[in-house]
Trainee: 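Below you will find the structure I want to go over with you.
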Number of protein chains: 2
Amino acid sequence: MYKLDEQVGYILRLASQRHATVFNKHSDLGLTPTQFSALVRVAEMGSCSQNLLGRRTAMDVATIKGVVTRLKAKGFVELGTDPGDKRRTVVSLTDKGHEVIAQLHSFGQAVTDETLAPLNTAERKVFLEMLTRLT
Amino acid sequence: MYKLDEQVGYILRLASQRHATVFNKHSDLGLTPTQFSALVRVAEMGSCSQNLLGRRTAMDVATIKGVVTRLKAKGFVELGTDPGDKRRTVVSLTDKGHEVIAQLHSFGQAVTDETLAPLNTAERKVFLEMLTRLT
DNA sequence: GGAGATTTATTTGTGTACAAACAAACGACC
DNA sequence: GGTCGTTTGTTTGTACACAAATAAATCTCC
């Protein structure tokens, strides 16, 4: 018998909502989970095109446009044009962006730890490995 | 060293996106995952208030209002007022809604099976049990 | 150097997701 | 029956999430 509560898609939504709650509880830089991901990824990459950033953070071109716009408005990134290709918008961190990266890493680790709190260390490893196979 | 690709929140987003892709690939009634959940839940409950439906599908009051509006526009549900409490909007299935429920159950099962395809039967059980503990 | 395919980005539209403000209705208490 | 707290629902606003249409720019081929 079909039960909504046992469907992986439905449970994924509930788990994501709880993760969002944990994220918002800890958040103090006014960033959303999506903005956080984009910012952390720009820091990893040093600077990159908007399109590549979207692809490296699993965001649609329209979505990353909005996220980058808001990160710029918040002063964490600055935009430029690629001298070698006028189509490209180059995204890089501002000084302010650089300053908060270490704090974002700590914050992100705390969110992950609290989200995974119901699982022990061995379970976390198994769970993340399986979840990753579903992506 | 902090890695975005290893954070549970980020991986949950990727898994949800893949699930959405699987859902859209199979979908032929023009329903979104959220509308599907709401419709299947109304069928389970026989009829219920909009507020209860929202709570039983983990949707905010503003969100369930929109979802119910669209399900009504698509002809799957009808709305009424609770004679015992004028505040309440009662949501129930139309004939059309009743007609598609068996099909929705099959479709939902297919989506779940395909989403979980990278895991074997034993792994699925373990995974769903752990995922449920994170909700 | 012109044509055509592809890439990058913007814009518009639809559908969530949720916070917050607001209003009608209900029930408990006096 | 009036007050107050709570419940249910609507509306507005912000932030995604993504499809589709559009345009500028690039690259390849002729």
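Below, read A as the first sequence line, B as the second, and so on, with proteins coming before strands; counting in each chain starts at 1.
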Trainee: Can A:Leu14 be reached from A:Leu116 by stepping across I, L, V, M, F, W or Y side chains whose heavy atoms are under 4.5 Å apart?
Mentor: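 They do not share one cluster, since no chain of ILVMFWY contacts under 4.5 Å joins A:Leu116 to A:Leu14.
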Trainee: If you find the nucleotide of DNA chain D closest to A:Lys86 and the one closest to B:Val61, which residue's nucleotide is nearer the 5' end?
Mentor: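 The residue closer to the strand's 5' end, by nearest nucleotide, is B:Val61.
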Trainee: Does B:Arg13 place a side-chain N or O at less than 4.0 Å from the phosphate oxygens OP1/OP2 of D:dA17?
Mentor: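 Yes, B:Arg13 has a side-chain N/O under 4.0 Å of OP1/OP2 on D:dA17.
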Trainee: Can you work out whether A:Thr89 or A:Ala20 has the more 5'-proximal nearest nucleotide on DNA chain C?
Mentor: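 Whichever sits nearer the 5' end wins; that is A:Thr89.
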Trainee: Tell me whether B:Lys3 is salt-bridged to B:Asp5, with the criterion being a basic N under 4.0 Å from an acidic carboxylate O.
Mentor: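 Answer for the salt bridge query: no.
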Trainee: Indicate whether OP1 or OP2 belonging to C:dG15 is found under 4.0 Å from a side-chain N or O atom of B:Thr34.
Mentor: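 No, outside the criterion.
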Trainee: For B:Gln17 and B:Leu52, take the nucleotide of DNA chain D holding the closest heavy atom to each; which residue's nucleotide lies nearer the 5' end?
Mentor: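 That would be B:Leu52.
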Trainee: Hey, what do you get for CG (A:Leu31) to CZ (A:Phe76), rounding to the nearest 0.5 Å?
Mentor: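 Output value for this atom pair is 5.0 Å.
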Trainee: Are A:Val42 and A:Phe36 connected in a single hydrophobic cluster, I mean Ile/Leu/Val/Met/Phe/Trp/Tyr linked by side-chain heavy atoms less than 4.5 Å apart?
Mentor: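 Same cluster: A:Phe36 reaches A:Val42 through Ile, Leu, Val, Met, Phe, Trp or Tyr contacts under 4.5 Å.
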Trainee: Ignoring backbone atoms, test whether A:Arg87 places a side-chain nitrogen or oxygen under 4.0 Å from the OP1 or OP2 oxygen of D:dA24.
Mentor: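 So the side-chain polar atoms of A:Arg87 never come under 4.0 Å of the phosphate oxygens OP1 or OP2 of D:dA24.
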Trainee: With sequence neighbours excluded, tell me which residues meet side chain to side chain contact (heavy atoms under 4.5 Å, CB included) with A:Arg55.
Mentor: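 Expected list: A:Asn51, A:Leu52.
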Trainee: Relative to the 5' end of DNA chain C, which residue comes earlier, A:Gln50 or B:Pro83, by the nucleotide with the nearest heavy atom?
Mentor: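 Per heavy-atom nearest nucleotide, the more 5' residue is A:Gln50.
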Trainee: Any link between A:Leu119 and A:Leu12 through a network of hydrophobic side chains (Ile, Leu, Val, Met, Phe, Trp, Tyr) touching at under 4.5 Å?
Mentor: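 Both belong to a single hydrophobic cluster.
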Trainee: If you check the A:Ser49 side chain, which of D:dT11, C:dA9, D:dC18 turns out closest?
Mentor: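 Taking heavy atoms from C-beta onward, the closest nucleotide is C:dA9.
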Trainee: Go through residues 64-74 of chain A and report each residue with a non-hydrogen atom lying under 4.0 Å from DNA chain D, sorted by number.
Mentor: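 Per residue number, the list reads A:Val67, A:Arg70.
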Trainee: Does B:Thr63 have a side-chain nitrogen or oxygen under 4.0 Å from the phosphate oxygens OP1 or OP2 of C:dG15?
Mentor: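 For B:Thr63, the contact criterion (side-chain N or O under 4.0 Å from OP1 or OP2 of C:dG15) is not met.
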Trainee: Tell me, which of residues 38-46 of chain A have any heavy atom that sits under 4.0 Å from an atom in DNA chain D?
Mentor: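 Contacts with DNA chain D under 4.0 Å: none.
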Trainee: Would you indicate what B:Asp85 reaches in the nucleic acid, counting non-hydrogen atoms under 4.0 angstrom: base, sugar-phosphate, or nothing?
Mentor: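 It contacts sugar-phosphate atoms only.
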Trainee: Step through the shown structure and confirm whether more than 12 heavy atoms of other residues, nucleotides or ligands are within 6.0 Å of CG on B:Asn120.
Mentor: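 Buried by this count: over 12 neighbours within 6.0 Å.
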Trainee: Checking all strands, does B:Asn51 fall into the base, sugar-phosphate, or nothing category for heavy-atom contacts under 4.0 angstrom?
Mentor: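 It contacts sugar-phosphate atoms only.
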Trainee: Starting from A:Leu4, can I reach B:Leu71 by hopping between I/L/V/M/F/W/Y residues whose side chains sit under 4.5 Å apart?
Mentor: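 B:Leu71 clusters together with A:Leu4.
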Trainee: Checking contacts here: which listed nucleotide (D:dT11, D:dC16, C:dA9) is nearest the side-chain heavy atoms of A:Arg88?
Mentor: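 Between D:dT11, D:dC16, C:dA9, the one nearest the side chain of A:Arg88 would be C:dA9.
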Trainee: Do the charged groups of A:Arg41 and A:Glu44 touch, with an N to O distance under 4.0 Å?
Mentor: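 Yes, charged N to carboxylate O under 4.0 Å.
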